[in-house]
K.L.:
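Could you have a look at this structure, given as structure tokens, before my questions?
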Amino acid sequence: MRAMVLDRPGTPLREAAREVPVPGPGQVLLRVLACGVCRTDLHVVDGELPDLSRPVVPGHQIVGVVEAGGPGEGGFATGQRLGVPWLGWTCGACRFCLSGRENLCGEARFTGYHLDGGFAEYAVADARYCFPIPQGYSDLQAAPLLCAGLIGYRSLVMTGDAPRLGLYGFGAAAHIVAQLAVHQGRRVFAFTRPGDGEAQAFARSLGAEWAGASGEAPPEPLDAAILFAPAGELVPVALRAVEPGGTVVCAGIHMSDIPSFPYRLLWEERVVRSVANLTRRDGQEFLALATQAQLRTEVESFPLSEANEALSRLRTGHVRGAAVLAVG
Ligand SMILES: [Zn+2]
Ligand SMILES: [Zn+2]
């Protein structure tokens, strides 16, 4: 099979011929149809996440069809369309796993990071962590639901019922969350890179009532903000924009350093928090909601061999909606 392999962080992916993987106990072999390209893939490729000690196939928004099941995998039929997310395996025994917080499991293994992912023609995955893909989504359109949508959903839940929501960074995740937030009756305020009129128009087209540059003050105070941009300097900016009691959620796995800021920005019970990974429950809830709210994804597709191009366009902010590799 063809695969795009990261030999070591800081180098471009290399197109390689590899053996089709054999599903182990409890795993399914998937023929990959599409795989989303996420900012986390960029962090992996750029070496911003620790402990990557061997070559890996990135990609953790895999849409594929079941070709075969390994020993003991009984749940899915051959030909069924499945999604594979970032959370690839957890221990099932630690206090986090046993309390509905498997996203925090210290032994967790992640797709396209510890485990080979979907920038390849075939992938294996632990069947217990796969999700059936809802009907009504094409392969390409379904892929961004599996991380951009899912992490966006978990982040949105962390804002409680905040009626006025700021979204900093209007890429793959925000373009899905904006639709869900509007569906829930919230008011959305979108912040983009300064001068990015196209992204601002895109945000308005998806229901944002205001869109402006990340340094601008919103027309009225916010109740919560989600930071999708991995820029630490936005934390005090967002804190300044939220009312007393407001929450600022950092949705990314990596962020540049947060500059120091006066305590009065945090005072009055404002909260800064991060969101880490996902639980399977998040996936089940979100995929059901996606259908219910008729969330649409806007994708820009690239052939598998152009994964490096997709990553570099993501790095420079030149993707409208979500980048997806069209594989099968
Ligand atoms: Zn665990
Ligand atoms: Zn991701």
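These numbers come from a predicted model, not from an experiment. Atoms within a ligand are numbered from 1 in the order they appear, just like the ligands themselves.
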K.L.:
Quick one: angle Cys91 SG - the Zn ion (ligand 1) - Cys105 SG, to the nearest 10°?
P.N.:
110°

K.L.:
So for atom CZ, which belongs to Arg2, do other residues, nucleotides or ligands contribute more than 12 heavy atoms lying within a distance under 6.0 Å?
P.N.:
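Count over threshold, so yes.
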
K.L.:
Using the Zn ion (ligand 2) as the apex, give the angle to atoms NE2 (His60) and SG (Cys147), rounded to 10 degrees.
P.N.:
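With the Zn ion (ligand 2) as the vertex, NE2 (His60) and SG (Cys147) sit 110° apart.
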
K.L.:
What orientation do Trp267 and Tyr263 show, parallel under 30°, tilted 30 to 60°, or perpendicular over 60°?
P.N.:
tilted

K.L.:
Any donor and acceptor pair, going by atom type alone, linking the side chain of Arg31 with main-chain N or O of Gly64 inside 3.5 Å?
P.N.:
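Not confirmed, Arg31 side chain does not pair with Gly64 backbone.
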
K.L.:
Could you please compute the angle at the Zn ion (ligand 1) from SG of Cys94 to SG of Cys97, rounded to 10°?
P.N.:
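Here the angle at the metal atom is close to 110°, to 10°.
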
K.L.:
With heavy-atom distances below 4.5 Å as the criterion, would you say the side chains of Leu304 and Glu121 are in contact?
P.N.:
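Of all side-chain heavy-atom pairs linking Glu121 with Leu304, at least one is under 4.5 Å.
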
